[in-house]
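A, B, ... follow the sequence lines: proteins, then strands. Residue 1 opens every chain. What you see below is based on every heavy atom in this structure, not just the backbone, and it leaves out hydrogens, waters and symmetry mates. Keep in mind the model is a prediction, meaning the values are calculated, not measured.
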Amino acid sequence: DQQVKQNSPSLSVQEGRISILNCDYTNSMFDYFLWYKKYPAEGPTFLISISSIKDKNEDGRFTVFLNKSAKHLSLHIVPSQPGDSAVYFCAARGHTGTASKLTFGTGTRLQVTL
Amino acid sequence: NAGVTQTPKFRVLKTGQSMTLLCAQDMNHEYMYWYRQDPGMGLRLIHYSVGEGTTAKGEVPDGYNVSRLKKQNFLLGLESAAPSQTSVYFCASGVGYEQYFGPGTRLTVT
């Protein structure tokens, strides 16, 4: 049972345009949602997060939108740059006792072309 | 400040061999995690620890053991490696909802 889904394995966008990466989840108990960026041969790095009580969070070129009723979040990158080419993972936090555990989606590979 | 480091970076094992992957963090984080990443599967949690001397099972714990004898170190052991354990292994540490990842260990079991 995949609780966090990224249905688009890949996305290609021209430099300067908007990139929109999507993520769906099934567990309504998740309280934080995060996006991680991963370059080849490196570990994932934290990009941006949003609390379940908010519907938008912005950080520079990156904005995350949360639609709780649809159990859907999206990451917008504007404008897209070649350095944004990477795999993006959506993750959601749930609690088990004192632990803070993340459930990851399968990732979307973003290619920003010149 | 090195963050999260993992050793080794690469390893090839024969079926049935054992090995230990070492994760070290210098951020004084209480929580540490081991994940594996397989094509089309995202990152899946193997084991985690909420503090020195504690460990707990994650989503895919079978075939692995862990130990957290010191706060800064989290060891992942494979007692008898199987080809299904061929993967990239990531360690992470964190506080709150944010986790910081190491560079990964690419393990191949033949």
**Shortest non-hydrogen contact between A:K38 and B:F90, atoms and distance** =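 In this case the closest contact between A:K38 and B:F90 is CE-CZ, 3.4 Å.
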
**Item:** Per-residue contact mode, A:L102 against chain B (heavy atom under 4.5 angstrom)
**Value:**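 Both backbone and side chain.
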
**Item:** Contacting region of A:A41 [heavy-atom separation from chain B under 4.5 Å]
**Value:**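 Only the backbone of A:A41 comes within 4.5 Å of chain B.
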
**Message:** I'd like to verify something: which residue of A:G43, A:P44, A:G107 has the highest number of heavy-atom pairs under 4.5 Å with chain B?
**Reply:**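 The residue among A:G43, A:P44, A:G107 with the greatest pair count is A:P44.
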
**Item:** Part of B:Q37 within contact of chain A (heavy atom distance under 4.5 Å)
**Value:**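 Side chain of B:Q37 only, per the 4.5 Å heavy-atom cut-off to chain A.
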
**Item:** Part of B:L43 lying under 4.5 Å from any heavy atom of chain A
**Value:**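 Backbone plus side chain of B:L43, per the 4.5 Å heavy-atom cut-off to chain A.
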
Applying the 4.5 Å side-chain criterion to the ILVMFWY set and letting contacts propagate, would [X] and [Y] be lumped into a single cluster?
X     : Y      : answer
A:I20 : A:L110 : no
B:Y64 : B:V60  : yes
A:F62 : A:L66  : yes
A:L21 : A:L73  : yes

**Request:** Report the distance from atom OG1 of A:T106 to atom CZ of B:R44, rounding to the nearest 0.5 Å.
**Result:**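 Rounded to the nearest 0.5 Å, the OG1-CZ separation comes out at 11.5 Å.
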
**Asked** Between B:R106, B:M41, B:E30, B:Q99, which residue shows the highest count of heavy-atom pairs closer than 4.5 Å to chain A?
**Response**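 The answer is B:Q99.
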
**Request:** Walk me through it: do B:F101 and A:E42 pass the test side-chain contact (heavy atoms from CB on, under 4.5 Å)?
**Result:** CA-CA 9 Å; B:F101 284 81; A:E42 294 183 10; over 6 Å; no

**Under 3.5 Å donor-acceptor, B:Y97 side chain and A:I50 backbone** =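 Absent.
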
**Request:** Give the intermediate values and the outcome of side-chain contact (heavy atoms from CB on, under 4.5 Å) for residues A:K101 and B:E59.
**Result:** CA-CA 10 Å; A:K101 298 197 293 182; B:E59 183 186 354; over 6 Å; no

**Asked** Centroid-to-centroid, A:F104 to B:Y35, below 6.0 Å?
**Response**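 For A:F104 and B:Y35, the ring centres are under 6.0 Å apart.
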
